[in-house]
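A short write-up of the structure that comes next.
Note that the structure is a prediction, hence the values are computed from the model and not measured. Counting starts at 1 for both ligands and their atoms, in listed order.
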Amino acid sequence: MALDADLFEQLRQTVRRFVRERLVPLEAEIALADNIPVEIRQEMRDLGLFGLSIPQEYGGLGLTMEEEVHIAFELGHTSPAFRSVIGTNNGIGSQGLIMDGTEEQKSAYLPKLATGEIISSFALTEPGAGSDAASLRTTARRDGEEYILNGTKRFITNAPYADLFTVFARTGTGDKPGRDVTAFLVERSAPGLSLGKIDKKMGQAGSHTCDVIFEDCRVPASSVLGGREGQGFKTAMKVLDRGRLHISAFCVGMAERLIADSLAYAMQRKQFGQPIAEFQLIQAMLADSRAESYAARCMVLETARAKDQGGNVSTEAACCKMFASEMVGRVADRAVQIHGGAGYMEEYGIERAYRDVRLFRIYEGTTQIQQILIARNMIKEAAAAA
Ligand SMILES: Cc1cc2nc3c(=O)[nH]c(=O)nc-3n(C[C@H](O)[C@H](O)[C@H](O)COP(=O)(O)OP(=O)(O)OC[C@H]3O[C@@H](n4cnc5c(N)ncnc54)[C@H](O)[C@@H]3O)c2cc1C
């Protein structure tokens, strides 16, 4: 259910102020410390940011997709590590539960996820199963009123702090890739669950991933998401489908920030006796970035509205993820170029953004996987129309 328009505008303005006045000044410090302070996490809780997409009946704000992408545009104006704090509770860590959980499971976890009292993670990727997620090898064997999980999940965002994991494991023999995958809601305290060491990454310092290891990990049979085996792969694909729009919107916000920083720099930096913004070759870079980020903004909004109206936007969401994540990569590259040597230096923060945005082309489905998805849907549609 959409918020009242005035209420939503108030929320948007509050998030905008929080991002620009509170978070932006902390960017360099957070990157250096590779840590987001507890008080910032608490302020995010106080603002209700953990429950943006969680339905109101479970204590969240229940934003529509269009409202959510507007908030993601705002969050994009600062380091992605901040978004990551609330990212899994709003996205991949809660959406499986919202879409396919039983009433009992929803009431047990969603209110705590909405307030940020607990943190959730989405554990699909494995050492041998990334883009080809259906080939996952983690197993879950039924043993009376329990399941026993064995396997390793890799690169799991927020796993070092997570209280709840949505874990995808094979409950069948593996001869039907995808169809015998079941999703489990596994609490951190489950016996046999352990964490690997925190991964050292290229960017997004302050946001953390690690392995999640299951060694004869016992969970009650009631942990099966939705109560039915074999539905896990479908759930995972639906969750990722939705997440693509949020990530795309965040890419738009980051591109807009980088363009604003580049323009401000170009207007004050003088060479050959004039601001570099007067040079047409610099103007071309600014204009290309502006046009491309505007295109991505329009795509994301149009797709979000169509989703809110109940349409199947699988192809369009993949188009958004592919275009917006590649677009912000180009914008960040131009931002470094416009800043010249300063763009390469840590002090200006541009090189950090350049590294930070690289991830968007990789996780929640690489660019190549989006291309495959888009083309496959095109062929399917054409065949159905023939
Ligand atoms: C920082 C970070 C956070 C992450 N967070 C999570 C998380 O919270 N939960 C989770 O489950 N996963 C997470 N992941 C994993 C992420 O989703 C995967 O890394 C991603 O899906 C790619 O899988 P892979 O790394 O195994 O690469 P691979 O699948 O091995 O791909 C390698 C290359 O091959 C290409 N490729 C693969 N298949 C094809 C094909 N059929 N045609 C053409 N090209 C192809 C890919 O596009 C890529 O360029 C995270 C990853 C990172 C880096």
### Message
I want to know if ligand 1 touches Tyr363 in the polar sense, i.e. an N/O pair below 3.5 angstrom.
### Response
no
### Task
Provide the number and element of each atom of ligand 1 under 4.0 Å from a heavy atom of Glu364.
17 (O)
### Message
As a quick check of understanding, evaluate ring pair (Phe, Tyr, Trp, His ring centres under 6.0 Å) for Tyr58 and Tyr109, giving each step before the final call.
### Response
CA-CA 9 Å; Tyr58 300 104; Tyr109 296 117; over 10 Å; no
### Query
Can you tell which of Leu136, Leu124, Thr125 gets a heavy atom nearest to atom 18 (C) of ligand 1?
Thr125
### Query
ligand 1 versus Thr157, non-hydrogen atoms closer than 4.0 Å: side chain, backbone, both, neither?
both
### Task
Mark whether atom 34 (O) of ligand 1 lies under 4.0 angstrom from at least one protein heavy atom.
no
### Task
Could you tell me if the ring centre of Phe122 sits under 6.0 Å from that of Phe165?
no
### Query
Thr366 heavy atoms, cut-off 4.0 Å: which ligand 1 atoms fall inside?
22 (C), 46 (C), 47 (O)
### atom 39 (C) of ligand 1 - nearest protein heavy atom and its distance
Ile369 CD1, 4.3 Å
### Task
Return yes or no for this condition: an N or O of Gln368 is under 3.5 Å from an N or O of ligand 1.
yes
### Query
According to the interplanar angle, ranging from 0 to 90°, do the rings of His339 and Tyr265 count as parallel (below 30°), tilted (30 to 60°) or perpendicular (above 60°)?
parallel
### Message
When you compare the side chain of Thr166 with that of Ser120, does any pair of heavy atoms fall below 4.5 Å?
### Response
no
### Task
Verify the neighbour count for atom CD of Gln268: are there more than 12 heavy atoms of other residues, nucleotides or ligands below 6.0 Å?
yes
### Ligand-residue contact atoms, ligand 1 with Ile156, heavy atoms, under 4.0 Å
7 (C), 8 (O), 9 (N), 10 (C), 11 (O)
### Side-chain donor-acceptor contact under 3.5 Å, Gln370 with Arg244
yes
### Query
Will you find, in the side chains of Asp46 and Gln42, an N or O donor that is under 3.5 Å from an N or O acceptor?
yes
#### Entry: Any N or O of Phe122 closer than 3.5 Å to N or O of ligand 1
yes
### Task
Look at atom 53 (C) of ligand 1 and say which protein heavy atom is nearest, naming residue and atom and giving the distance to 0.1 Å.
Leu359 CD1, 3.5 Å
#### Entry: Option set Ala236, Ser131, Gly243, Ser121, criterion heavy-atom distance to atom 31 (O) of ligand 1, minimum
Ser131
### Task
Please indicate whether Lys106 has more than 12 foreign heavy atoms, meaning atoms of other residues, nucleotides or ligands, lying under 6.0 Å from its NZ.
yes
## Note on the structure
Nearest non-hydrogen protein atom to atom 41 (N) of ligand 1, with distance, is Ile372 CD1, 3.5 Å
### Query
Is any side-chain heavy atom of Arg297 closer than 4.5 Å to a side-chain heavy atom of Glu256?
yes
### Message
Any salt bridge linking Arg170 with Asp180? Criterion: basic side-chain nitrogen under 4.0 Å from a carboxylate oxygen.
### Response
yes
### Query
Got the closest protein heavy atom to atom 26 (O) of ligand 1, with its distance?
Gly130 CA, 3.1 Å
### Query
Can you find an N or O of Arg154 that's nearer than 3.5 Å to an N or O of ligand 1?
no
### Message
Heavy-atom distances under 4.0 Å decide this one: backbone, side chain, both or neither, for Ile92 against ligand 1?
### Response
side chain
#### Entry: Nearest neighbour in protein (non-hydrogen) for atom 21 (O) of ligand 1
Ile362 O, 4.0 Å
### Task
Flag yes if more than 12 heavy atoms outside Arg137 fall under 6.0 Å of its CZ atom; otherwise flag no.
no
### Summary
Checking heavy atoms under 4.0 Å, the part of Asp132 that sits near ligand 1 is neither
### Message
Are any of the N/O atoms on Phe155, whether in the backbone or the side chain, positioned under 3.5 angstrom from an N/O atom of ligand 1?
### Response
yes
